[in-house]
Amino acid sequence: MQSTALTLSPLTPLLRPLNKNPNHRYGSLWNLSSLKPLVLLRSINGLSFQKASHLSSCSRFNARRINEPFLISDGRCDGFKVRATPVPGNVGDTNDSSGLATSMQLGAMFAIWYILNIYFNIFNKQVLKVYTFPATVTAFHFGCGTLMILIMWASNLYHRPKLTRSQLAVIIPLAIVHTLGNLLTNVSIGRVNVSFTHTIKAMEPFFTVLFSVLFLGEWPTFWIVFSLIPVVGGVALASFTEASFNWIGFCSAMASNVANQSRNVLSKKFMVKNEETLDNINLFSIITIISFMLLVPAAILLEGVKFSPSYLQSAANQGLNIRELCIRSLLAGFCLHSYQQVSYMILQMVSPVTHSVGNCVKRVVVIIASVIFFQTPVSPINSLGTTLALTGVFLYSKAKQLKPKPKVAS
C-alpha cells in the first residue's frame with residue numbers, strides 16, 4: 001500500500017489510523033497546562049528595597065501554602081531593619097527603563113508559552129490520530145523531557161539537585177498522580193475533539209475547591225463558589241451539544257482533572273512540613289524523570305511494545321509514514337517540555353493569580369487555534385457553553401485575590 005505523508009494542512013488527510021475500531025473518529029490531544037505543575041520556592045515573595053543599607057536575614061521560612069496549580073513557599077521574615085539613604089535624581093528613569101524591559105520580557109515569554117502550547121496540541125493531535133496508543137505516546141513525551149533534562153544538567157545549564165530520601169518519598173506520590181493526569185488527558189483527546197477536552201479541563205477549579213474542603217478543611221469564599229457556577233454550567237452545556245461526545249473521552253478528561261488536583265492537595269498536605277525545598281524547575285524535572293520510569297513498563301503492559309523497529313516496519317507496510325510520525329512525536333515532546341519550563345519561569349516573575357489568569361487565556365487561545373486548524377464544527381450553543389466555562393475560570397482566578405477581612409476581636 002502506498003505510504004501517506006503527514007501534513008500540517010487540515011485539509012489533507014493524515015496517516016491512516018492503525019486502530020481498527022470504526023467508531024474511533026477523532027484523534028487526541030494532551031494539555032499539560034492542565035498539568036498544572038508543582039513549584040516549591042525558597043524566597044521572600046515580593047520583598048525588595050532601593051538603597052536600603054541594612055536588612056536582617058531570616059533564619060528559616062515556616063509557613064508554606066499552595067497556590068493552585070503550584071506549591072509555593074510563602075515565608076515571611078520575623079523582622080527587618082531599613083535605614084533610608086539619599087536617592088539619586090535619575091533613579092526614576094532607571095526604574096522606568098527597567099520596568100519597560102521587564103514588561104517586554106514577560107510579554108515575549110507569554111507569547112512563547114502560548115505558541116509552544118498551540119504547536120504541542122497540533123503535533124500531538126496528529127500523532128494520536130494515526131497512532132492510537134496514548135500510553136506509549138505519553139511515555140515518549142516523558143522520554144523527550146527526560147533527555148532534555150539530562151542534557152541540561154550535563155552541560156551545567158542548570159544545577160543538578162541533591163535529593164534526600166525524605167524528599168524522594170514525597171515526590172514519588174506526586175509523580176504517580178502527575179503521570180495519571182497526563183495519560184488520562186491523552187486518552188480523552190484520542191476520543192473527542194481537542195476543543196472539547198480543553199473545555200472539560202476547565203473544570204479543574206471545581207475539583208480544587210472540592211478536595212480542599214474534603215482533605216484540607218479549607219472552605220471557599222462566597223465569590224469562589226459563585227465563580228464555579230458558570231464553570232459547571234458551561235461544561236455541562238458544551239457536553240450536551242458536543243458533536244464528538246464520547247463517554248470514554250469525557251470520563252477520562254474528568255479523571256485527569258481529579259488526578260491533577262489530587263496532586264496539588266498532596267503537595268500541600270505532604271510537603272508543608274518538609275524543611276528541605278527544591279526550586280520549581282528541578283522539582284518538575286525530577287517528577288518528569290520518575291514519570292518516564294513509571295510509564296514505560298505500564299505502557300508495555302497496557303499496549304505492548306508499539307515502538308520497536310519490527311512493529312514500526314509492520315505499520316509502515318500498512319501505510320504509516322514512520323518518518324513523519326517520529327518527527328511529529330519529537331516535536332510534540334520538545335514543545336511540551338519547553339512550554340512547561342517557560343511556564344515556571346513566568347511564575348517566578350509574576351504572582352500566582354496573574355499566572356492563573358494567563359493560564360486561562362492560554363486555554364482560550366488553544367481552543368480557538370484547534371478549532372481553526374482542525375476545522376472543528378462548533379454550534380452556537382456549544383460556543384456559549386465553552387465561553388461560560390472559560391469565563392467562570394477567569395472569575396475564579398480573580399476571586400482568589402479577594403481575601404476575607406480579618407475578624408476584629410470585640
Side-chain angles (χ1 to χ4, degrees), residues 1-31 118-147 179 182-197 243-253 256 292 294-336 370 373-377:
M1 181 176 293
Q2 186 178 1
S3 175
T4 308
L6 278 169
T7 176
L8 284 178
S9 172
L11 301 178
T12 305
L14 298 179
L15 305 180
R16 185 177 60 175
L18 298 182
N19 187 354
K20 304 301 182 181
N21 183 2
N23 294 325
H24 188 89
R25 299 173 50 198
Y26 297 92
S28 153
L29 172 64
W30 179 79
N31 181 11
I118 290 172
Y119 274 102
F120 163 72
N121 284 285
I122 291 174
F123 293 139
N124 193 36
K125 173 73 171 179
Q126 291 177 329
V127 169
L128 285 168
K129 205 170 189 179
V130 298
Y131 189 76
T132 55
F133 305 107
T136 302
V137 171
T138 308
F140 187 81
H141 291 162
F142 286 136
C144 291
T146 298
L147 180 61
T179 304
N182 285 290
L183 174 59
L184 289 167
T185 300
N186 273 349
V187 171
S188 173
I189 305 251
R191 298 282 180 160
V192 297
N193 289 330
V194 174
S195 57
F196 184 46
T197 297
S244 68
F245 183 86
N246 177 280
W247 278 111
I248 295 179
F250 176 82
C251 293
S252 58
S256 72
F292 174 65
L294 292 173
L295 195 52
V296 167
I300 295 175
L301 180 64
L302 293 172
E303 300 173 346
V305 181
K306 301 299 184 183
F307 222 84
S308 63
S310 58
Y311 178 83
L312 293 178
Q313 182 60 45
S314 174
N317 295 334
Q318 300 179 35
L320 184 64
N321 190 320
I322 302 302
R323 179 177 178 274
E324 293 294 337
L325 174 67
C326 293
I327 291 175
R328 299 301 168 93
S329 299
L330 285 171
L331 289 173
F334 170 79
C335 290
L336 169 65
S370 64
F373 185 86
F374 294 107
Q375 297 184 350
T376 305

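All values reported here derive from a predicted model rather than from experimental measurement. No hydrogens, no waters, no symmetry mates; every other heavy atom, side chains included, goes into these values.
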Which residues share a side chain to side chain contact (heavy atoms under 4.5 Å, CB included) with F292, sequence neighbours left out: F142, T146, V296

Set of side chain to side chain donor-acceptor pair (under 3.5 Å) partners for S252, sequence neighbours left out: none

Where R328 and V127 come nearest, the two heavy atoms and their spacing: CB-CG2, 3.5 Å

Spacing of N186 atom CG and T138 atom OG1 [to the nearest 0.5 Å]: 3.5 Å

For L330, side chain to side chain contact (heavy atoms under 4.5 Å, CB included) partners two or more places apart: F140, C144

Distance (rounded to the nearest 0.5 Å) between F123 CZ and S329 OG: 11.0 Å

Distance in Å, N121 CG paired with Q126 CD, rounded so as to fall on 0.5 Å steps: 11.0 Å

F133 side chain near F307 side chain, heavy-atom distance below 4.5 Å: no

Heavy-atom side-chain proximity of F334 to Y119 below 4.5 angstrom: no

All side chain to side chain contact (heavy atoms under 4.5 Å, CB included) counterparts of I118, not counting sequence neighbours: I122, V365, V366, A369

Heavy-atom side-chain contact between Y311 and V305 under 4.5 Å: no

Within-4.5 Å side-chain heavy-atom neighbours: F245 and V192: no

Identified side-chain contact (heavy atoms from CB on, under 4.5 Å) counterpart of P134 within the set T185, N124, V187: V187

Side-chain heavy atoms of L295 within contact of L183, under 4.5 Å: yes

Backbone N/O of S195 and side chain of N193: donor-acceptor pair under 3.5 Å: no

4.5 Å side-chain heavy-atom contact, W247 and R191: no

Partners passing side chain to side chain donor-acceptor pair (under 3.5 Å) against T136 (at least two apart in sequence or in another chain): E303

Side chain to side chain contact (heavy atoms under 4.5 Å, CB included) between L325 and L320, intermediate numbers included: CA-CA 8 Å; L325 174 67; L320 184 64; 3.8 Å; yes

Check: L184 main-chain N/O paired with S188 side-chain donor or acceptor under 3.5 Å: no

pair H141-F120: side-chain heavy atoms closer than 4.5 Å: yes

Residues which pass side chain to side chain contact (heavy atoms under 4.5 Å, CB included) with S310, listed by chain and number, not counting sequence neighbours: S308

